[in-house]
Amino acid sequence: MASFRSLSRLAIATLFLAWSFPYLQGRFRVLTILISNSPNNLPELNKFSTSSIKFQNKVRNCEDGIIIDEDALAILSCDPGRDLWNTVMGTFHPDRAAIPNGKLWIYRYELPETSENALVPIEFDLDGYEGEFSFHPLSVEYHRESGTLVVCNHHIDGSRIEVFTLTMNSKGAVAKHTRSIIHPLLRTPNSVVALTGNEFYITNDHYFRRKDYPVLALAETYGGIPGGGVAYVNIAAEPIEVKTVARGPFANGVTLLNESTAAVAFSAAAEVRLYSRQEDNSLQQVDAIRLRFVPDNLSTDKDGSLLIAGHPHPPSLDKTVHARTECKGVDGVVPQECWKSTSPSWVERWTAAEGLETLYVSSKEFGSSATAAKDAARNIGIVTGLYENGILVWKE
């Protein structure tokens, strides 16, 4: 009987190890990234033929940037208030009046940097907006055919999706607010990609919100618990249709590789997962791209290449966040000498034919890369920095 119990325990232990091995292997790989990608160990790599940092005195803390090839412009999502308010990284300044709002910008990259129309803020038409307009943008998406502009807004009173109608002219742009979307299945909206003018995939980075459950949110992140995911959203439906179509640990950027394939960055797994879109807009995983860094946002250029930007050393990003908090004055203002990011950057390109190609790695020049995007026809790209001044503009 004793030997039978021993054999049973051994069998149960063997089954548990077999079941948990893929998870443990994945966590070990992510832990290896945290150790091996120390800024002191990272080589400086720049495969761009030219690159320069632009608008350092005009924009900072730009989380997202999307290229609109047809108009030769980019829309930038930037937030100086991120120093004091970041729901993902856990920064919550108590004096909301001291937290400046973020802005969206139009960057016309064919104009010289000195042109007054090269970089202009988008003006907001908030007629009918309910309550105080608190604006802390992360991902931004523009559906050109319908003029629909969608923003993941980490509003101080709770994260939500803001929907605008964007009108552009030669000098600037006006975004008329049409609705705010608050939904229990959009608890932590992070990134958005348009399917039509009314339909979107929106990622939720966590199940537990950092502000409400700080310990559980950190456990979710570092434990690789699949509490985040992707929601399908149809704002034309009455009532609005929202359903979860994929799950994973710390869902971040999302893009469409083509009409039938979606790509989602899962930061806590250090990989991008590829999904086949089903007729009901659910997602079925078909592949995974393993990375040597933690991915943030994704974009697809007109050549079909997937651009992935992210953070090779998350502890350095945490250090940057804490440094900003510690640097602020009694009035809550973070002085300019503290604006430089000390978190390294990593940008890669992936194609089905060629696999991964590293384009840029730096712990000195431009930090905290969050998004890379490219106008393939004009051979011009941008990199945004989550806690950086300006944007990196490059050509190959």
Side-chain angles (χ1 to χ4, degrees), residues 59 61-66 68 74-82 84-88 96 99-106 120-168 172-206 209 211 230-242 251-255 297 370-371 384 386:
V59 296
N61 297 1
C62 298
E63 198 270 351
D64 199 12
I66 57 172
I68 314 299
I75 300 176
L76 307 177
S77 168
C78 309
D79 185 11
R82 197 181 327 280
L84 304 177
W85 188 263
N86 186 332
T87 62
V88 181
R96 62 187 298 165
I99 306 172
N101 275 340
K103 291 183 179 180
L104 304 180
W105 298 79
I106 298 290
V120 293
I122 294 177
E123 301 295 330
F124 291 120
D125 179 350
L126 300 175
D127 185 35
Y129 188 89
E130 296 183 4
E132 179 185 353
F133 184 61
S134 166
F135 192 62
H136 298 286
L138 267 71
S139 174
V140 59
E141 173 68 318
Y142 177 56
H143 185 260
R144 188 172 182 270
E145 290 74 13
S146 65
T148 303
L149 181 73
V150 183
V151 185
C152 294
N153 178 20
H154 286 204
H155 192 291
I156 288 180
D157 291 330
S159 296
R160 60 202 61 188
I161 305 299
E162 308 287 8
V163 184
F164 303 86
T165 298
L166 185 67
T167 303
M168 290 191 283
V174 175
K176 179 176 177 53
H177 187 264
T178 59
R179 67 191 301 178
S180 298
I181 300 168
I182 302 172
H183 194 279
L185 294 181
L186 298 172
R187 296 169 56 83
T188 55
N190 191 296
S191 185
V192 55
V193 64
L195 309 177
T196 68
N198 294 309
E199 298 172 282
F200 311 91
Y201 284 137
I202 298 176
T203 61
N204 287 290
D205 49 67
H206 287 74
R209 287 183 284 222
K211 191 173 190 295
V230 185
Y232 164 77
V233 180
N234 183 351
I235 63 175
E238 289 293 343
I240 183 175
E241 180 184 3
V242 183
N252 209 320
V254 60
T255 188
N297 286 326
T371 301
T384 65
L386 186 66

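Along the sequence shown, the residues carry numbers beginning at 1. Computation of the quantities below employed the complete heavy-atom set of this structure, encompassing side-chain atoms and omitting hydrogens, waters and symmetry-equivalent molecules.
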I'd like to check Arg209 versus Arg187 (side-chain heavy atoms, cut-off strictly below 4.5 Å). Are they in contact? yes
Indicate whether any N or O donor in one side chain lies under 3.5 Å from an N or O acceptor in the other, for Glu63 and Ser77. no
Show, in sequence, the C-alpha distance, side-chain angles and deciding distance for Arg144 and Ile68, and conclude whether the side-chain contact (heavy atoms from CB on, under 4.5 Å) test is met. CA-CA 8 Å; Arg144 188 172 182 270; Ile68 314 299; 4.0 Å; yes
Would you say CD of Glu145 has more than 12 non-hydrogen atoms from neighbouring residues, nucleotides or ligands within 6.0 angstrom? yes
Is it true that a side-chain atom of Glu141 and a backbone atom of Ala194 form a donor plus acceptor pair closer than 3.5 Å? yes
Ignoring hydrogens, what is the shortest heavy-atom contact between Phe135 and Asn101? Give both atom names and the distance. N-OD1, 2.9 Å
A side-chain contact here means heavy atoms from C-beta on lying under 4.5 Å apart; do Glu241 and Val233 qualify? no
Under 3.5 Å, is there a donor-acceptor pair between the side chain of Ser159 and the main chain of Thr188? no
Using atom types as modelled and distance alone, determine if a side-chain donor or acceptor of Ser139 lies under 3.5 Å from a backbone N or O of Cys152. no
Is there a side-chain contact between Leu166 and Ile122, using heavy atoms and a 4.5 Å cut-off? yes
Mind checking whether Lys103 and Phe124 have side chains closer than 4.5 Å, heavy atoms only? no
Do Trp105 and Val59 come within less than 4.5 Å of each other through their side chains, counting heavy atoms only? yes
Any donor and acceptor pair, going by atom type alone, linking the side chain of Ser191 with main-chain N or O of Thr203 inside 3.5 Å? no
All ring pair (Phe, Tyr, Trp, His ring centres under 6.0 Å) counterparts of His154, not counting sequence neighbours: none
Closest non-hydrogen atom pair between Gly81 and Ile99, with its separation: O-CG2, 3.9 Å
Tell me the ring pair (Phe, Tyr, Trp, His ring centres under 6.0 Å) pairs involving residues 173-203, sequence neighbours left out? Tyr129-His177, Phe164-His177
In short, Leu185 meets Ala231 closest at the heavy-atom pair O-CB, 4.2 Å
Would you say the side chain of Pro137 lies within less than 4.5 Å of the side chain of Asp64, judging by non-hydrogen atoms? no
Heavy-atom side-chain proximity of Asn190 to Asn204 below 4.5 angstrom: no
